[in-house]
J.: 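Quick one: this structure, given as structure tokens, is what I'll be asking you about.
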There are 2 protein chains.
Amino acid sequence: MTVSEPTPAPDRPAEPSAAADHSLHAAEERFIEAMGLAHEEDRLPRIAGRLIGLLILSPDPVRFDHLAERLRVSRASISTNTRLLENMGVIQRVTRPGDRRDYFRINEEPGLLLRIADRYRTRQASAEEMKQALPPNAGGEVVVERLERLIRFYAILADSLQYVLGAVADGEGNSGSRSA
Amino acid sequence: MTVSEPTPAPDRPAEPSAAADHSLHAAEERFIEAMGLAHEEDRLPRIAGRLIGLLILSPDPVRFDHLAERLRVSRASISTNTRLLENMGVIQRVTRPGDRRDYFRINEEPGLLLRIADRYRTRQASAEEMKQALPPNAGGEVVVERLERLIRFYAILADSLQYVLGAVADGEGNSGSRSA
DNA sequence: CATCCTGTTCAGTCTTGACAAAACAAACCG
DNA sequence: CGGTTTGTTTTGTCAAGACTGAACAGGATG
């Protein structure tokens with residue numbers, strides 16, 4: 001969902017104040033790369049992860065082409081990955097009146113969370129279906145038990161994730177909107 | 001860790017009693033495939049996931065070559081993937097005195113769980129490092145807040161997983177060993 | 001010792017998906 | 001209108017990794 005911003009805030013990609021911070025910049029690079037790797041583990045393109053990292057560190061929305069420059073990546077990749085993240089509800093596209101360009105800002109994590117929760121619910125359903133299909137007379141007492149444990153496992157996992165979502169939202173400092 | 005079994009139980013890959021159950025077999029196939037897909041999402045080879053599914057449905061340890069037959073997959077793949085899962089603590093290799101062949105049984109889920117929990121702790125650490133590196137005077141109030149939220153997010157997530165582990169273990173019906 | 005049996009490792013094929021360059025489309029501007 | 005800016009789509013390349021067949025290794029067994 002594209003958001004329109006009345007206030008034309010300047011584009012500042014996390015430059016603090018003093019320009020002497022080599023270590024800060026290094027830390028930022030590390031963080032961005034770490035996010036890239038981390039999200040790669042979650043089946044997202046590495047660039048998408050880096051995008052998330054960069055946007056987390058950027059207090060104000062970042063311009064499309066700045067993303068490409070800063071991440072040293074083609075505009076094509078930025079286009080593809082921003083669209084991906086936008087559809088997932090992880091980032092928001094921001095536009096401003098009188099400005100033809102697109103800006104992006106982070107939309108916190110819950111989008112991802114729900115995705116993971118869904119995965120577990122799907123697995124829970126699979127296990128349940130299997131348990132139903134199992135004949136009651138079978139010698140597979142162990143199997144039934146195992147499936148029940150598995151069902152419980154996935155259920156609790158999904159519930160916990162839902163809980164985390166609530167917990168994170170509670171600690172919320174800003175009134176940013178939350179993705180469904 | 002290879003386990004030695006005193007009782008030479010027969011190899012029965014989940015055949016219930018009556019042979020008339022086409023639907024049961026179909027359900028098993030579905031379940032096995034579902035586990036294959038599910039675990040593929042978690043960066044495991046699909047065959048490894050199917051292996052997990054099959055072993056969940058098998059009350060008794062299954063012979064190496066039966067795994068290959070049942071899954072219609074090369075012995076090489078079985079070798080590779082059983083070793084993988086064994087190292088991860090997801091399955092156990094079972095041997096029997098006077099039998100040169102290898103059998104495998106499921107070792108419930110916790111191994112996987114801990115892996116996931118670890119992933120989140122790593123990410124938490126990344127976010128913490130970044131927060132430390134951030135100069136306190138910076139204009140990035142928002143960024144600090146965001147990082148704190150992220151840290152809390154990952155922390156709660158990892159903790160929840162740890163909790164799930166306990167909850168699943170509590171419901172444990174058999175006295176099977178638990179992987180660290 | 002020759003041979004089978006069982007599992008592992010190696011080398012090669014094939015699929016998948018990330019990424020980039022370039023062509024493209026749409027909106028704006030002169 | 002022709003040219004510019006901005007983002008998208010298409011096309012092609014490349015790398016990673018799953019899977020297999022075949023060669024291999026070690027132990028039993030005649």
Side-chain angles (χ1 to χ4, degrees), chain A residues 1-4 8 11 32-33 35-54 61-88 91-105, chain B residues 2-4 8 11 32-33 35-54 61-88 91-104:
Chain A
M1 179 243 297
T2 306
V3 169
S4 182
D11 184 18
I32 291 174
E33 288 310 309
M35 293 302 277
L37 267 315
H39 287 280
E40 201 171 22
E41 282 182 348
D42 285 351
R43 314 297 281 187
L44 283 183
R46 188 175 297 184
I47 291 185
R50 286 201 271 240
L51 230 24
I52 294 176
L54 175 50
V62 182
R63 261 174 49 187
F64 185 95
D65 52 339
H66 279 197
L67 292 175
E69 280 167 27
R70 172 72 188 267
L71 259 30
R72 272 169 314 186
V73 133
S74 72
R75 287 183 312 150
S77 292
I78 296 297
S79 175
T80 305
N81 285 282
T82 47
R83 188 153 28 81
L84 172 67
L85 293 178
E86 201 186 358
N87 289 337
M88 290 175 53
I91 69 176
Q92 278 185 328
R93 187 181 303 256
V94 181
T95 61
R96 293 174 183 146
D99 190 341
R100 197 137 64 84
R101 293 162 302 186
D102 291 2
Y103 296 71
F104 294 93
R105 79 150 83 103
Chain B
T2 307
V3 169
S4 181
D11 184 20
I32 290 174
E33 288 309 309
M35 292 301 276
L37 268 316
H39 287 279
E40 202 171 21
E41 282 181 349
D42 284 350
R43 314 298 279 185
L44 282 183
R46 188 176 298 185
I47 291 186
R50 286 201 271 240
L51 230 25
I52 293 176
L54 175 50
V62 183
R63 262 174 48 188
F64 185 95
D65 52 340
H66 279 198
L67 293 175
E69 280 168 29
R70 173 72 188 268
L71 258 32
R72 272 171 312 190
V73 134
S74 73
R75 287 182 312 145
S77 292
I78 298 296
S79 176
T80 305
N81 285 282
T82 48
R83 188 153 30 80
L84 172 67
L85 293 177
E86 202 186 357
N87 289 337
M88 290 175 55
I91 69 176
Q92 278 185 329
R93 187 181 303 258
V94 180
T95 61
R96 291 171 185 148
D99 190 342
R100 199 137 65 84
R101 294 162 302 187
D102 291 2
Y103 295 72
F104 294 92

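Sequence lines set the chain letters: A, B, ... in the order given, protein chains first and strands last, and positions in each chain run from 1.
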J.: Just how far is it from atom NE2 of His39(A) to atom CD1 of Ile47(A), taken to the nearest 0.5 Å?
T.: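 His39(A) atom NE2 to Ile47(A) atom CD1 measures 14.5 Å (nearest 0.5 Å).
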J.: Taking any atom closer than 4.0 angstrom to a non-hydrogen atom of chain A, what span of DNA chain D does the protein reach, first nucleotide to last?
T.: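 Answer, 5' to 3': dT5(D) to dT9(D).
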J.: dG17(C) P sits how many Å from Glu40(A) CD, rounded?
T.: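 Atom CD in Glu40(A) sits about 13 Å away from atom P in dG17(C).
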J.: For the CG atom of Leu37(B) and the CD1 atom of Ile32(B), what is their distance to the nearest 0.5 Å?
T.: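 The CD1 atom of Ile32(B) is 13.0 Å from CG of Leu37(B), to the nearest 0.5 Å.
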J.: Quick one: closest heavy-atom pair of Tyr103(A) and Pro61(A), and the distance?
T.: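 Closest approach of Tyr103(A) to Pro61(A): CB-CB, 3.6 Å.
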J.: Have a look at Ile47(B) and say if it touches a base, only the backbone sugar-phosphate, or nothing, with a 4.0 Å heavy-atom cut-off.
T.: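 Sugar-phosphate contact only.
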J.: Among the nucleotides dG7(C), dT9(C), dA20(C), which one has an atom lying closest to any side-chain atom of Asp102(B)?
T.: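 Looking only at heavy atoms from C-beta outward on Asp102(B), the closest nucleotide is dG7(C).
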J.: Identify whether any heavy atom of Arg101(A) sits under 4.0 Å from a base atom; if not, whether one sits that close to sugar-phosphate; answer base, sugar-phosphate or nothing.
T.: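 Sugar-phosphate, no base atom in range.
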J.: Quick check on side-chain contact (heavy atoms from CB on, under 4.5 Å): which of His66(A), Arg96(A), Arg63(A) does Arg101(A) satisfy it with?
T.: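 Among the candidates, only Arg63(A) passes.
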J.: If I take atom CG from residue Asn81(B) and atom OG from residue Ser74(B), how far apart are they, to the nearest 0.5 angstrom?
T.: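 Taking CG in Asn81(B) and OG in Ser74(B), the distance rounds to 9.0 Å.
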J.: Does OP1 or OP2 of dA20(C) have a side-chain N or O of Ser77(A) closer than 4.0 Å?
T.: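 For dA20(C), OP1/OP2 do have a side-chain N/O of Ser77(A) under 4.0 Å.
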J.: Can you check whether any acceptor in the base of dC28(C) is under 3.5 Å from a donor in the side chain of Arg100(A), or vice versa?
T.: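 Flag unset: no donor-acceptor pair detected.
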J.: Measure from CG on Leu84(B) to C1' on dT9(C) and round the result to the nearest Å.
T.: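 Taking atom C1' of dT9(C) as the reference, CG of Leu84(B) is at 16 Å.
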J.: Between Arg46(A) and Arg75(A), name the one whose nearest nucleotide on DNA chain C is closer to the 5' end.
T.: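 That would be Arg46(A).
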J.: Starting at the 5' end of DNA chain D and moving along, which residue's nearest nucleotide shows up first, Ala76(A) or Asp99(A)?
T.: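 Nearest-nucleotide comparison on DNA chain D picks Asp99(A).
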J.: Among dT9(C), dA18(C), dA27(C), which is the nearest nucleotide to the side chain of Pro45(A)?
T.: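 The listed nucleotide nearest to Pro45(A)'s side chain is dA18(C).
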J.: Closest nucleotide of DNA chain D for Ile78(B) versus for Phe104(A): which of these residues is on the 5' side?
T.: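 Result of the comparison: Phe104(A).
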